[in-house]
Amino acid sequence: MAEIKQRHIPVMLNEVLQYLKPQKGEIYVDATFGNGGYSKAILETANCKVIALDRDPNVRVRANEMKNLYGARFEFRAGRFGDFADLVPEKINGAVFDIGVSSMQLDDAERGFSFAKEANLDMRMSCEGISAADIVNGYGEKELADLIYTFGEERKSRQIAAQIVAYRRQKPITTTTELAEIIYGVIHKRAGEIDPATRTFQALRIAVNNELDELQQGLSGAANKLHSGGRLVVVDFHSLEDRIVKNFFKENGGKKVRVSKYAPELVQNDSLFAEVSKVIVPTAAECVQNPRARSAKLRYVVRR
């Protein structure tokens, strides 16, 4: 049977495998299947089973390829990882999350995730529900400014919102490039700096897909499905995601107490996690090879 070609480079793949520690006969969940990079690597590392989750209907072709290659060792379940508890009723030995928009979604211009490619202003990972265009053309100026500031951490959110509202009085904003040009009217592009549209597009994508709430629910669902000694590995790409992951792991890692100044720190036994990692970043070599990795952060926990 033909081998599946790897079309995209999974971010921090070596580190994911190192901390997930796939073992023979165990069950793992790839909560953000995408192009299947993590699923494939886990299945190649150990004779285990992988359950893959994804809300995007466009990944089914890739999932079918994986099923043909790995048979009963691979199972795809369609849905949001925020519904992890319902999608994965069984106990598992580990799970991995790669948060945010996938390379496959960014590369598909028609999905409207990228300001670098002209397309309808969509951004829906599940291809259903409200789109980015609905928000841009329907929200009030203050509501729009608050959204861009909160989810995009954009300091010029009020000026951008004002320009959006002024523009749409003439006509609806329907394309990615149309919105990007409005933003460039507020923040001029400069060589070598982050594109001024990045934060606003991030904010809209997060809002359209309810990403932060989904992440919180997904982490909770996954953590509660882990066997004792099970591992949860998360790769995220911006501060809002990382704050949620860091706080969730910390809050469930137990309080460290010191019995005396001579005794080592002890972790209380009522905590969910026996081990909580510090943040791990990609190597310089990976950042050169795969620019998407530059902003990545990895954290993992081990179930008590």
Side-chain angles (χ1 to χ4, degrees), residues 8 32 34-35 54-61 78 80 82 99-215 237-241 291-292 295:
H8 293 290
T32 48
N35 198 49
D54 207 301
R55 67 166 83 177
D56 189 341
N58 294 297
V59 307
R60 286 184 177 276
V61 172
R80 302 166 181 264
I99 307 303
V101 65
S102 72
S103 299
M104 189 171 63
Q105 289 165 335
L106 281 172
D107 290 347
D108 185 351
E110 293 181 3
R111 303 297 297 276
F113 285 101
S114 174
F115 45 81
K117 301 167 184 176
E118 182 161 18
N120 288 333
L121 197 54
D122 194 323
M123 301 192 192
R124 296 173 297 174
M125 291 180 179
S126 60
C127 299
E128 59 184 19
I130 66 164
S131 68
D134 294 329
I135 291 176
V136 166
N137 292 296
Y139 277 28
E141 184 175 327
K142 182 182 184 303
E143 195 178 9
L144 206 50
D146 289 346
L147 183 152
I148 295 169
Y149 181 78
T150 303
F151 293 153
E153 300 178 299
E154 174 56 72
R155 289 176 295 178
K156 295 193 175 181
S157 60
R158 296 194 183 283
Q159 295 98 307
I160 291 170
Q163 288 303 309
I164 287 172
V165 171
Y167 185 96
R168 74 189 192 195
R169 290 194 188 106
Q170 308 303 317
K171 68 178 290 293
I173 301 164
T174 58
T175 68
T176 52
T177 51
E178 201 173 9
L179 177 59
E181 288 301 325
I182 294 169
I183 297 165
Y184 299 151
V186 177
I187 312 170
H188 301 304
K189 292 176 78 171
R190 290 186 175 88
E193 294 186 4
I194 185 173
D195 192 290
T198 301
R199 294 187 180 91
T200 298
F201 270 67
Q202 171 188 296
L204 289 169
R205 194 200 77 222
I206 288 173
V208 165
N209 298 290
N210 194 28
E211 291 180 35
L212 301 185
D213 287 343
E214 289 286 328
L215 176 56
F237 294 89
H238 62 73
S239 59
L240 297 177
E241 296 168 345
R292 183 175 179 247
S295 58

As an exercise, state the distance from [atom1] of [X] to [atom2] of [Y], rounded to the nearest 0.5 Å.
X: Arg55; Y: Arg124; atom1: CZ; atom2: CZ; answer: 12.0 Å
X: Glu118; Y: Thr174; atom1: CD; atom2: OG1; answer: 8.0 Å
X: Met123; Y: Ile206; atom1: CE; atom2: CD1; answer: 10.5 Å
X: Ile160; Y: Ile148; atom1: CD1; atom2: CD1; answer: 5.5 Å
X: Gln159; Y: Glu154; atom1: CD; atom2: CD; answer: 8.5 Å
X: Leu204; Y: Leu147; atom1: CG; atom2: CG; answer: 6.0 Å

Restricting to non-hydrogen atoms, name the atom on [X] and the atom on [Y] that form the minimum distance, rounded to 0.1 Å.
X: Ser126; Y: Arg80; answer: OG-NH2, 3.8 Å
X: Val59; Y: Gly34; answer: CG1-O, 3.5 Å
X: Ile182; Y: Ile173; answer: CD1-CD1, 3.5 Å
X: Ala161; Y: Glu141; answer: CB-O, 3.5 Å
X: Gly152; Y: Gln202; answer: CA-NE2, 3.9 Å
X: Pro196; Y: His188; answer: CG-O, 3.8 Å

Residue pair Thr176, Leu121: steps toward the side-chain contact (heavy atoms from CB on, under 4.5 Å) verdict: CA-CA 5 Å; Thr176 52; Leu121 197 54; 4.0 Å; yes
Side-chain heavy-atom pair Phe151, Leu212 within 4.5 angstrom cut-off: yes
Arg158, CZ: over 12 other non-hydrogen atoms inside 6.0 angstrom: no
OH (Tyr149) with more than 12 external heavy atoms under 6.0 Å: no
Lys171 and Glu178: CA distance, side-chain angles, deciding distance, side-chain contact (heavy atoms from CB on, under 4.5 Å) verdict: CA-CA 11 Å; Lys171 68 178 290 293; Glu178 201 173 9; 2.5 Å; yes
Modelled atom types, side-chain donor and acceptor of Asn58 and Asp56, under 3.5 Å: yes
Criterion side-chain contact (heavy atoms from CB on, under 4.5 Å) on Asp195 and Tyr184, from CA distance to verdict: CA-CA 9 Å; Asp195 192 290; Tyr184 299 151; 3.0 Å; yes
Counting only N and O atoms by type, is there a donor-acceptor contact under 3.5 Å from the side chain of [X] to the main-chain atoms of [Y]?
X: Glu241; Y: Phe237; value: yes
X: Asp134; Y: Ser131; value: yes
X: Asn209; Y: Glu211; value: no

Leu240 and Thr150: CA distance, side-chain angles, deciding distance, side-chain contact (heavy atoms from CB on, under 4.5 Å) verdict: CA-CA 9 Å; Leu240 297 177; Thr150 303; over 6 Å; no
